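Single-structure report; data block below.
In this text the structure is predicted, and so the values were computed from the model without any measurement. Every chain is numbered from 1 and lettered A, B, ... according to where its sequence line falls, protein lines coming before strand lines.
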Number of protein chains: 2
Amino acid sequence: MLNQSAPLDLLFQALADPTRRLMVERLSRGPASVSELAQPLAMSLPAVLQHLQVLETSGLVRSQKTGRVRTCRIEPTALRTAEQWISERRAHWERCFDRLGDYLAEHPDDPQKGNES
Amino acid sequence: MLNQSAPLDLLFQALADPTRRLMVERLSRGPASVSELAQPLAMSLPAVLQHLQVLETSGLVRSQKTGRVRTCRIEPTALRTAEQWISERRAHWERCFDRLGDYLAEHPDDPQKGNES
DNA sequence: ACAATAGTTAAGCGAGTGCTTAACCAAAGT
DNA sequence: ACTTTGGTTAAGCACTCGCTTAACTATTGT
C-alpha cells in the first residue's frame with residue numbers, strides 16, 4: 001500500500017493492540033509515568049516504550065520529560081477523530097437503511113434468498 | 001500477547017487499513033458484490049478477498065453467495081462496538097478533566113514546566 | 001564519589017500482514 | 001458443448017510487528 005501513513009491508519013493501528021488500549025484506559029483516568037504505565041503489564045520496559053511510541057506517533061498520547069521521569073497524558077482530539085470516522089459511516093448506513101425501509105414499505109414482495117458461505 | 005483474539009483487536013485491526021476502510025465506506029452506502037467492491041481498488045481480486053475476510057472475521061461485514069455472485073453488506077452493530085469503546089474512554093477523560101478544572105479553579109498557582117522529548 | 005532509579009537505544013528473532021501469480025471451480029450466456 | 005464471468009484456493013515473498021536481551025545515559029538519593 002506504499003505506506004501513505006494517513007492519520008486514521010495510525011489511529012486505528014494504535015488502538016488495535018490490547019496492551020495499547022490498556023495504556024489508553026489507564027491514561028484516560030489521568031497522567032502517568034512510563035513505569036506506572038508499565039507496572040500492570042507483563043512485559044519488559046523497552047516493549048512498553050515501543051507501545052508508547054506507537055501511541056505518540058498516532059497522536060493519541062503526548063508525553064514530556066521532567067527530570068528523569070516522563071509523564072504521559074492522553075490527547076483527546078485524536079480519540080475524537082477516530083470516533084468521528086465511525087459515526088460518519090454509521091450515519092451513512094442509517095440513511096441507507098431508512099431508504100430501504102421506505103422501499104420495503106412500498107413493495108411488500110420479498111424474493112430474497114441465499115446461502116451463507 | 002498470546003493472541004487472545006478479543007473482538008476489539010479484530011475490529012480496530014480491520015479498520016486500520018485504508019483499503020478496508022474504503023470497502024466499509026462503499027458498503028455503508030449499500031450492499032455490493034465482490035467485484036463491485038474491487039473495481040475502484042488497484043489490486044488483484046484475491047487481495048480484495050483477503051481484505052473481505054478480515055472484515056468478516058472482525059464482524060464488520062457479512063456476505064452471502066447467491067448463484068455465482070457474493071453480496072456483501074455492513075454489520076452496523078460491530079461499528080457500534082468500536083465507537084462505544086472510544087466514547088467510554090472519552091467520558092472517563094472528560095470527567096477527569098472536569099476534576100482538574102475544579103482543582104485549578106481552587107489553586108490558582110501553576111508551577112508546571114517540562115521539555116517535549 | 002557511588003549507587004540506585006527511570007528511561008533509552010540497538011540488534012535480533014519469530015510470527016503476522018499485504019500483496020502477488022498460477023491454477024482452479026462453478027454459475028450464466030451463446 | 002463451450003466460453004465467459006465471478007469468485008476461490010494455494011503458495012510464496014518482502015516487509016512490519018511485538019517482543020526479547022544487553023548495554024548505555026542521565027537524574028536523584030546517600
Side-chain angles (χ1 to χ4, degrees), chain A residues 1-6 8-24 31-58 60-73 113-117, chain B residues 1-6 8-24 31-58 60-73 113-117:
Chain A
M1 199 91 254
L2 211 63
N3 190 16
Q4 63 183 88
S5 221
L8 283 171
D9 289 37
L10 282 301
L11 265 175
F12 286 124
Q13 187 69 257
L15 291 175
D17 184 276
T19 302
R20 275 181 316 249
R21 281 200 309 278
L22 249 173
M23 291 168 78
V24 168
S33 72
V34 172
S35 27
E36 278 167 355
L37 230 39
Q39 183 252 316
L41 304 175
M43 70 184 61
S44 68
L45 246 204
V48 175
L49 254 297
Q50 282 163 30
H51 282 301
L52 182 58
Q53 195 163 333
V54 172
L55 288 170
E56 292 209 45
T57 66
S58 82
L60 277 166
V61 166
R62 192 168 36 90
S63 82
Q64 61 189 176
K65 200 166 178 178
T66 311
R68 67 182 163 179
V69 18
R70 174 174 298 277
T71 306
C72 312
R73 36 177 46 78
K113 207 70 173 237
N115 309 338
E116 186 65 25
S117 120
Chain B
M1 198 91 253
L2 212 63
N3 190 19
Q4 66 182 86
S5 221
L8 284 171
D9 289 36
L10 283 301
L11 265 175
F12 286 124
Q13 188 69 258
L15 291 175
D17 184 277
T19 302
R20 270 173 331 239
R21 280 199 310 277
L22 248 173
M23 290 168 78
V24 168
S33 73
V34 171
S35 29
E36 278 168 352
L37 231 38
Q39 183 252 318
L41 304 174
M43 70 183 62
S44 69
L45 245 203
V48 175
L49 253 300
Q50 282 163 29
H51 282 300
L52 181 60
Q53 195 163 333
V54 172
L55 287 170
E56 292 208 45
T57 65
S58 82
L60 276 166
V61 166
R62 192 169 36 90
S63 83
Q64 61 188 176
K65 197 166 179 176
T66 311
R68 67 182 163 177
V69 17
R70 174 174 297 277
T71 306
C72 312
R73 36 177 46 81
K113 208 69 174 239
N115 310 338
E116 186 64 26
S117 116

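Taking side-chain N and O atoms only, A:Ser35 has no distance below 4.0 Å to OP1 or OP2 of C:dT5. For the pair B:Ser44 and C:dT20, the criterion of a side-chain N or O lying under 4.0 Å from OP1 or OP2 is met.
Atom CD of B:Gln13 is separated from atom C1' of C:dG18 by 11 Å (rounded to the nearest Å). For A:Leu45 and D:dT25, the CG to C1' distance is 14 Å, given to the nearest whole Å. Rounded to an integer number of Å, the gap from CE of B:Met43 to P of C:dT17 is 16 Å. One atom, NZ of B:Lys65, and another, P of D:dT9, lie 8 Å apart when rounded to the nearest Å. Atom CD of A:Gln50 is separated from atom P of C:dG12 by 15 Å (rounded to the nearest Å). In this structure, CG of B:Leu52 is placed 16 Å from C1' of C:dC19, rounded to the nearest angstrom. Per the geometry, CZ belonging to B:Arg20 stands 9 Å off P belonging to C:dT17, to the nearest Å. The nearest whole Å value for the distance from the CZ atom in B:Arg21 to the P atom in C:dG18 is 12 Å.
In this view, B:Arg21 and A:Asp9 satisfy the salt bridge (charged side-chain N to carboxylate O under 4.0 Å, His left out) rule, not counting sequence neighbours. With sequence neighbours excluded, the residues that form a side-chain contact (heavy atoms from CB on, under 4.5 Å) with B:Ala16 are A:Phe12, A:Gln13. Among residues two or more places apart in sequence or in another chain, the side-chain contact (heavy atoms from CB on, under 4.5 Å) test is passed with B:Leu22 by B:Leu41. Applying the side-chain contact (heavy atoms from CB on, under 4.5 Å) rule to B:Gln39 yields no partners; only residues at least two apart in sequence or on another chain are considered.
Expressed to the nearest 0.5 Å, how far CG of B:Leu8 lies from CG of A:Asp17 amounts to 12.0 Å.
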- Task: Classify every nucleotide of nucleotides 22-30 of chain C by which part a protein heavy atom approaches to under 4.0 Å, writing B for the base, S for the sugar-phosphate alone and - for neither, in 5'-to-3' order.
- Result: B----BS--
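Residues in residues 44-53 of chain A take part in these side-chain hydrogen bond (donor to acceptor under 3.5 Å, both in side chains) pairs, two or more places apart or across chains: A:Arg20-A:His51.
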